[in-house]
Each structure stands twice: as structure tokens, then as C-alpha cells.
Number of protein chains: 2
Amino acid sequence: MDTERKARYEARARIIKALAHPARLLIVDELRGKSRCVCELQAELELDMSTVSKHLSVLKNAGIVQDAKKGVQVYYSLRCPCVTDFFQCAEKVLLTRARDQAEVLGRTARGGLR
Amino acid sequence: MDTERKARYEARARIIKALAHPARLLIVDELRGKSRCVCELQAELELDMSTVSKHLSVLKNAGIVQDAKKGVQVYYSLRCPCVTDFFQCAEKVLLTRARDQAEVLGRTARGGLR
DNA sequence: CTAATACTTGGCTATGTTGCCAAATAAGCA
DNA sequence: TGCTTATTTGGCAACATAGCCAAGTATTAG
């Protein structure tokens with residue numbers, strides 16, 4: 001397979017992988033519009049601060065967030081607000097699935113399943 | 001934290017996670033517009049057929065693809081073509097990062113870094 | 001029925017991920 | 001200076017993932 005093509009899929013996968021965790025999705029959601037320091041995010045996530053910090057470094061390494069030190073605190077913000085589009089994409093898939101599910105159930109209720 | 005909110009992030013993460021692999025991104029790309037059988041995808045991926053099959057089952061369990069048996073072959077297709085939006089999202093992040101990178105390099109060349 | 005083809009499943013190993021705790025670092029305050 | 005607070009890093013255990021091979025299933029062809 002074409003090396004360049006392969007590299008492109010790998011680059012995309014790295015971005016998507018960085019978002020593929022509920023805690024990191026919550027972080028991205030919290031960061032919409034405003035920047036937040038680690039302890040604020042920790043309060044929402046109810047995880048050890050070291051764990052939150054690691055999630056943030058995953059997002060940072062992927063180029064999704066950036067950090068800025070303010071005194072003792074570190075404020076994180078979205079580097080590319082477009083990541084929130086991922087939510088809509090995921091939501092659409094979930095909706096499609098829910099709709100199909102409902103349809104199947106409807107057919108079953110009408111005696112379609114044997 | 002709110003249980004419902006948590007569940008929503010988990011549901012989204014499951015979808016995104018299913019896409020977070022170069023092989024599966026390639027599959028989704030191959031499936032744009034047309035359906036493909038497992039051996040066609042295998043030829044592109046250059047992976048063991050059992051591995052391809054497992055990637056497909058990950059996508060299927062996430063509700064991203066659906067399968068239809070035609071004789072001996074199994075044809076897979078996108079259940080929700082909107083997943084290709086993910087590519088654009090990922091691409092935007094990559095672009096943003098590349099642009100920032102270029103900017104930093106520009107500053108360095110002008111003697112900004114010490 | 002037998003053989004061949006297409007695919008899936010089970011099993012295994014290697015590798016990656018997530019969480020916590022403890023220790024290290026950094027900045028502001030007394 | 002030494003103390004406190006905020007954050008990061010290292011280490012480790014538990015668990016998940018990705019790949020291959022071998023074996024199982026299913027459908028068509030002879």
C-alpha cells in the first residue's frame with residue numbers, strides 16, 4: 001500500500017484516538033469557549049489529578065489543546081474549536097443507530113420477526 | 001457527576017474509539033459510496049483476513065457499518081455516511097497544527113527563539 | 001456428498017492504555 | 001528562606017487491543 005496514504009490514515013487516527021475516551025471528551029466539552037485550569041477539570045471529572053493531567057497531555061500531544069501557565073495554575077484551552085464537530089458526528093451515528101433500532105422493534109411488534 | 005451525562009460521553013467515546021485506528025479509517029474511506037466484501041478490503045489493507053474481519057466487527061458493533069451476505073461473500077457498507085465527516089474534522093486539526101508549526105518556525109527564522 | 005472459497009472465531013503473545021499512589025517540580029506567600 | 005498549592009512525572013497493576021495462526025462455519029460448485 002502507498003506509504004503516503006498509510007501515513008495520512010495514521011495521522012488522522014492519532015487525532016481521533018486522542019479523543020476516544022469519555023474523560024477527554026468531557027474535557028473538550030468543558031473547554032468550549034472558555035479555558036480551564038487542571039483543578040477545575042478535576043472537580044468535574046472526579047479523577048485523581050495526575051490522571052487528569054495525563055489526559056490533558058494526550059490532548060496536548062495531539063495538538064487539540066494548548067496550555068498557558070498563570071501563576072501556580074495551568075490553563076488549558078482548545079487549539080482548534082472545530083474538534084467539537086466530532087461530537088455532532090458521533091451524535092449522528094448514535095441517532096442513526098437509535099432510529100434503525102426503533103424500526104426493527106416496530107417490525108417485531110407488528111409480527112415481523114419469526 | 002451526573003450519571004446521564006457520563007453515559008452520553010461514554011456512548012460518544014465508543015463511536016470515536018471504533019474509528020481510532022488507521023486500518024478502520026481506511027475501511028471507512030473505501031466504503032464511501034460503494035459496498036465492499038471482506039477480501040476486497042483485505043487486498044487494500046494487506047493484513048490477515050481474520051484481522052480485517054475483526055476490524056469490521058468493531059465497526060459493526062459501533063453501528064458504523066452493516067453487512068449483507070451475498071453468496072459466499074459478505075459485503076459491508078456504511079450505515080451512516082456522515083462518519084466521513086470525521087475525516088474533515090481530523091484534517092482540520094492537522095491543518096491547524098501545521099499552520100501553528102509553520103508560524104513558530106517563521107518566528108525562529110526571524111530570530112524569535114533564544 | 002466432497003471440495004473449495006469466503007469469512008468468522010478462539011487462542012495466544014506483544015503491546016498500549018488507564019488508573020492510582022508517591023515523588024518531583026514550580027510558583028507564590030509568610 | 002521554608003511552606004503551601006498546583007501540576008507533572010515515574011512506576012506499577014489491571015485491563016484492553018492488534019496481530020497472526022489454526023480451527024470452525026457456511027455457501028456454492030462439482
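When reading the values below, keep in mind they use all heavy atoms of this one structure, side chains included, and skip hydrogens, waters and symmetry mates.
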remark   = What residues 24-32 of chain B contributes to the DNA chain C interface at heavy-atom separation below 4.0 Å is none
key: Within residues 7-18 of chain B: residues closer than 4.0 Å to DNA chain C (heavy atoms)   = none
request  = For A/Tyr76, check ring pair (Phe, Tyr, Trp, His ring centres under 6.0 Å) against everything at least two apart and list the hits.
outcome  = none
ask   = Listed by chain and number, what are the side-chain contact (heavy atoms from CB on, under 4.5 Å) partners of B/Glu46, not counting sequence neighbours?
value = A/Met1
task = Taking side-chain contact (heavy atoms from CB on, under 4.5 Å) as the test, write out the residues that go with B/Ser53, two or more places apart.
result = none
Please tabulate, for side-chain N and O atoms in residues 64-71 of chain B, each donor-acceptor pair with protein atoms closer than 3.5 Å (sequence neighbours left out).
{"from": "B/Asp67", "atom 1": "OD1", "to": "B/Lys60", "atom 2": "NZ", "distance (Å)": "3.3"}
{"from": "B/Asp67", "atom 1": "OD2", "to": "B/Lys60", "atom 2": "NZ", "distance (Å)": "3.1"}

query = Taking all atoms of both residues into account, what is the closest heavy-atom pair of B/Ala13 and A/His21, and its distance?
reply =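 Looks like CB-C, 3.9 Å.
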Separation of atom CG in A/Leu59 from atom P in C/dT17, rounded to whole Å = 13 Å
ask   = Pick the nucleotide of DNA chain C nearest each of A/Gly71 and A/Val58; which residue has the one closer to the 5' end?
value = A/Val58
key: A/Lys69 or A/Ala20, whichever maps to the more 5' nucleotide of DNA chain C   =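 It is A/Ala20, whose closest nucleotide lies nearer the 5' terminus.
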ask   = What's the spacing between B/Tyr9 OH and A/Leu26 CG if we round to 0.5 Å?
value = 4.5 Å
key: Separation between CD1 of B/Ile16 and CZ of A/Phe87, rounded to the nearest 0.5 Å   =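 One gets 7.0 Å once the value is rounded to the nearest 0.5 Å.
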key: A/His21 side chain near C/dG19 phosphate (N/O to OP1/OP2, under 4.0 Å)   =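 For C/dG19, OP1/OP2 do have a side-chain N/O of A/His21 under 4.0 Å.
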query = Has A/His55 got a side-chain N or O lying under 4.0 Å from the OP1 or OP2 atom of C/dG19?
reply =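 Indeed, a polar side-chain atom of A/His55 lies that close.
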task = Before accepting this row, confirm whether a basic side-chain N of the pair B/Arg5/A/Glu30 lies closer than 4.0 Å to the acidic partner's carboxylate O.
result = yes
Considering only nitrogen or oxygen atoms on both sides, find all protein atoms under 3.5 Å from nucleotides 5-12 of chain C and state each distance.
{"from": "C/dC7", "atom 1": "OP1", "to": "B/Val38", "atom 2": "N", "distance (Å)": "3.2"}
{"from": "C/dC7", "atom 1": "OP1", "to": "B/Val74", "atom 2": "N", "distance (Å)": "3.1"}
{"from": "C/dC7", "atom 1": "OP2", "to": "B/Cys39", "atom 2": "N", "distance (Å)": "2.8"}
{"from": "C/dT8", "atom 1": "OP1", "to": "B/Tyr76", "atom 2": "OH", "distance (Å)": "2.7"}
{"from": "C/dT8", "atom 1": "OP2", "to": "B/Ser53", "atom 2": "OG", "distance (Å)": "2.6"}
{"from": "C/dT8", "atom 1": "O5'", "to": "B/Ser53", "atom 2": "OG", "distance (Å)": "3.2"}
{"from": "C/dG10", "atom 1": "O6", "to": "B/Lys54", "atom 2": "NZ", "distance (Å)": "3.0"}
{"from": "C/dG11", "atom 1": "O6", "to": "B/Lys54", "atom 2": "NZ", "distance (Å)": "2.5"}

remark   = In short, disulfide bond (SG atoms under 2.5 Å apart) pairs touching residues 16-80 of chain B with sequence neighbours left out are B/Cys80-B/Cys82
List, one per line, each side-chain donor-acceptor pair under 3.5 Å for residues 90-97 of chain A, sequence neighbours excluded.
{"from": "A/Glu91", "atom 1": "OE1", "to": "B/Arg12", "atom 2": "NE", "distance (Å)": "2.6"}
{"from": "A/Glu91", "atom 1": "OE1", "to": "B/Arg12", "atom 2": "NH2", "distance (Å)": "2.9"}
{"from": "A/Lys92", "atom 1": "NZ", "to": "B/Asp85", "atom 2": "OD2", "distance (Å)": "3.3"}
{"from": "A/Thr96", "atom 1": "OG1", "to": "A/Lys92", "atom 2": "O", "distance (Å)": "2.9"}
{"from": "A/Arg97", "atom 1": "NH1", "to": "B/Ala62", "atom 2": "O", "distance (Å)": "2.8"}

query = Short question: side chain of B/Asp29, backbone of B/Leu25 - any donor-acceptor pair under 3.5 Å?
reply =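 Side chain of B/Asp29 to backbone of B/Leu25: no pair is present.
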request  = Could you name each residue pair satisfying ring pair (Phe, Tyr, Trp, His ring centres under 6.0 Å) that touches residues 24-50 of chain B, not counting sequence neighbours?
outcome  =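 Sorted pair list comes back empty.
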Outermost nucleotides of DNA chain D that come under 4.0 Å of a non-hydrogen atom of chain A = D/dT5 to D/dG11
ask   = With sequence neighbours excluded, what pairs up with B/Glu10 under the salt bridge (charged side-chain N to carboxylate O under 4.0 Å, His left out) test?
value = none
